[in-house]
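Please read the structure below before turning to the comments.
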Amino acid sequence: MEADPHPIRQGSPRLPPLDAGRLEQSASVEEQLRFALHCAVLAPSSHNTQPWRFIVGTDSVAVCADRLRALPVADPFDRELIISCGAALFNLRVALSRVGLAYSIALFPSSADPDVVAEVRIVHDGHRDESLPALFDAIATRVTTRQPFADEPVDPAIERALIEAASAEGVDITCVSELVERERIALLVALADRQQFGDPRFRRELANWIHPRRRDDGMPAFATDMLPLLDFATPLAASVVRTFDLGDGVAATHHRLVVGSPLIVCLATGSDDREAWLAAGEAMQRMLLVAAQAGLTASYLNQPIEVAALREQLAALIGLGANANPQLLLRIGRGPRVPHSPRRALSEVVS
Ligand SMILES: Cc1cc2nc3c(=O)[nH]c(=O)nc-3n(C[C@H](O)[C@H](O)[C@H](O)COP(=O)(O)O)c2cc1C
């Protein structure tokens, strides 16, 4: 593929304009795939590592995990890395559906290369999910919002739509809105924050992904939820995070945010393997797009899942069955508009 004329940076338009009619009728499959990949890379990823690569053939795309972008301290088994690839795969499915392409998907198709998480092949008699094109516009509007949410309950009809979205991808979802339960979750999140920030290796890894705004990956300091603690020194954010144990401050901030958020959701799977992680990523993204469509936003509280000793406690706290494995914990609500995080150019992730 030639050089990408539309690098996606923070503050820049997030997608090349969609001329759906032309893409549907007269564009080559390669052009359609390129457009779909623009959508794929707008998926969320832990620390905005964007841990994916795409290998494009004449009528196929292989979605690959880029393990050079792993987070060995926060995510030692690449669980969240595969979840992130699942989110990118879901965006790809939505975009292909939007331009009218049918496809088939083989998951982990190569025993020789476990980094290939999915092969998506364009086929005339392939899968068409009529519910996906409607989610297209939300790909560009979805954003992680780490600020407090409005103190208003989530409409029960929207909550049902979120449950349907995750369930459609075969993933269990538990919604928590009672204050007393949110308070219990908040305490667990705060406990996990203290444990993670007490580990200098965790702080160093996080600091490595906090960048000045010009970078195309990682989290600009404005996007981290440590900003209230770092206001005095935004350009120095990474070195402050690396050097000081901000655990108590971060824990207090997260505690307030969890208690103040109208809805907490936990996505869980029956097994805890790469197939389950990929499905969790697709389910998460489907749910986030449905939320964005409804004017809601989300932010992540995965700490009690990342700290292995607290994962079972979380499962028990929200009443999951003995065999359920929590994969993602998010808060959802109505939040302020925040800038988008940057993305790498397609030319860097496509071969
Ligand atoms: C699996 C996963 C885990 C994440 N964990 C966190 C987290 O613990 N804290 C956080 O603030 N953001 C978390 N994020 C959000 C990313 O930082 C965010 O997606 C990324 O910076 C890109 O920004 P965007 O979502 O606004 O496009 C996570 C995202 C994913 C997909």
Side-chain angles (χ1 to χ4, degrees), residues 8-12 14-15 39-52 65 69-71 73-75 77-91 138-147 171 189-190 192-193 195-197 202 205-206 209-211 213 215-229 237 241 246 250-251 253-254 257-258 261 266-267 269 276-289 291-292 297-307 326-332 335-344:
I8 301 163
R9 290 169 196 278
Q10 186 264 325
S12 74
R14 305 208 82 208
L15 279 175
C39 300
V41 301
L42 295 183
S45 60
S46 12
H47 292 11
N48 198 19
T49 50
Q50 304 165 43
W52 41 62
R69 298 180 155 264
L71 300 170
V73 180
D75 185 28
F77 303 108
D78 291 350
R79 188 182 59 82
E80 291 191 359
L81 186 150
I82 299 292
I83 288 177
S84 304
C85 290
L89 174 61
F90 186 75
N91 276 8
I139 290 178
T141 54
R142 182 216 59 82
V143 64
T144 303
T145 307
R146 297 175 178 86
Q147 278 80 348
V171 168
V189 170
D193 278 327
Q195 291 199 15
Q196 287 188 320
F197 275 84
F202 174 85
E205 182 176 87
L206 176 60
W209 289 94
I210 299 176
H211 301 303
R213 288 180 183 205
R215 293 285 298 264
D216 292 341
D217 59 9
M219 290 175 293
F222 72 78
T224 68
D225 40 16
M226 282 156 289
L227 197 58
L229 304 168
V241 169
L246 303 172
V250 173
T253 303
H254 283 158
L257 289 173
V258 177
S261 298
C266 181
L267 298 186
T269 52
W277 303 336
L278 197 65
E282 292 182 90
M284 171 194 76
Q285 186 64 2
R286 189 167 188 146
M287 187 195 70
L288 291 176
L289 295 185
T297 187
S299 164
Y300 300 75
L301 305 161
N302 294 321
Q303 301 87 313
I305 302 175
E306 292 165 353
V307 175
Q327 301 293 354
L328 290 151
L329 187 66
L330 297 113
R331 61 188 182 94
I332 294 183
R337 278 180 72 86
V338 295
H340 287 296
S341 291
R343 292 294 187 277
R344 289 180 293 157

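In each ligand, atom 1 is the first atom listed, and ligand 1 is the first ligand listed. Since the structure is predicted, the reported quantities are computational estimates derived from the model, not experimental observations.
Close approach to His47 involves these atoms of ligand 1, each under 4.0 Å from a residue heavy atom: 17 (O). Atom numbering of ligand 1 starts at 1 in the shown order; those under 4.0 Å from a heavy atom of Val143 are 26 (O). Close contacts of ligand 1 with Asn302, meaning ligand atoms under 4.0 Å from a residue heavy atom, involve 3 (C), 4 (C), 5 (N). Listed by atom number, the atoms of ligand 1 under 4.0 Å from Thr144 heavy atoms are 15 (C), 18 (C), 19 (O), 24 (P), 25 (O), 26 (O).
Between the choices Gln285, Gln327, Arg146, the shortest heavy-atom distance to atom 12 (N) of ligand 1 belongs to Arg146.
Judged by the shortest distance from any of its heavy atoms, His340 lies outside the 4.0 Å radius around the atoms of ligand 1. Residue Ser45 places a heavy atom less than 4.0 Å from ligand 1.
Remark: Glu306 pairs with Gln196 by the side-chain hydrogen bond (donor to acceptor under 3.5 Å, both in side chains) rule, at least two apart or across chains.
Each of Arg344, Arg69, Gln50, His47 was evaluated against Asp217; a single residue qualifies, Arg69, per the side-chain hydrogen bond (donor to acceptor under 3.5 Å, both in side chains) test.
For the pair Leu89 and Trp52, the minimum side-chain heavy-atom distance is 4.5 Å or more. Gln303 is not listed as a side-chain neighbour of Gln195, based on a closest heavy-atom distance of 4.5 Å or more. Using a 4.5 Å heavy-atom threshold, the side chains of Arg142 and Pro44 count as touching. Side-chain contact between Ile305 and Leu329 is present, with heavy atoms from C-beta onward closer than 4.5 Å.
Looking at Glu80 next to ligand 1, no N or O pair under 3.5 Å apart turns up. At under 3.5 Å, a nitrogen or oxygen of Arg343, whether backbone or side chain, sits near a nitrogen or oxygen of ligand 1. Polar contact check, Gln303 against ligand 1: no nitrogen or oxygen pair lies under 3.5 Å apart. Considering backbone and side-chain N/O atoms, Ser84 never comes within less than 3.5 Å of an N/O atom of ligand 1.
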Passes side chain to side chain contact (heavy atoms under 4.5 Å, CB included), Leu71 versus Ser46? Steps please.
CA-CA 9 Å; Leu71 300 170; Ser46 12; 3.9 Å; yes

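Counting only distance, with no hydrogens or angles, the side chain of Arg79 and the backbone of Gln327 share a donor-acceptor pair below 3.5 Å.
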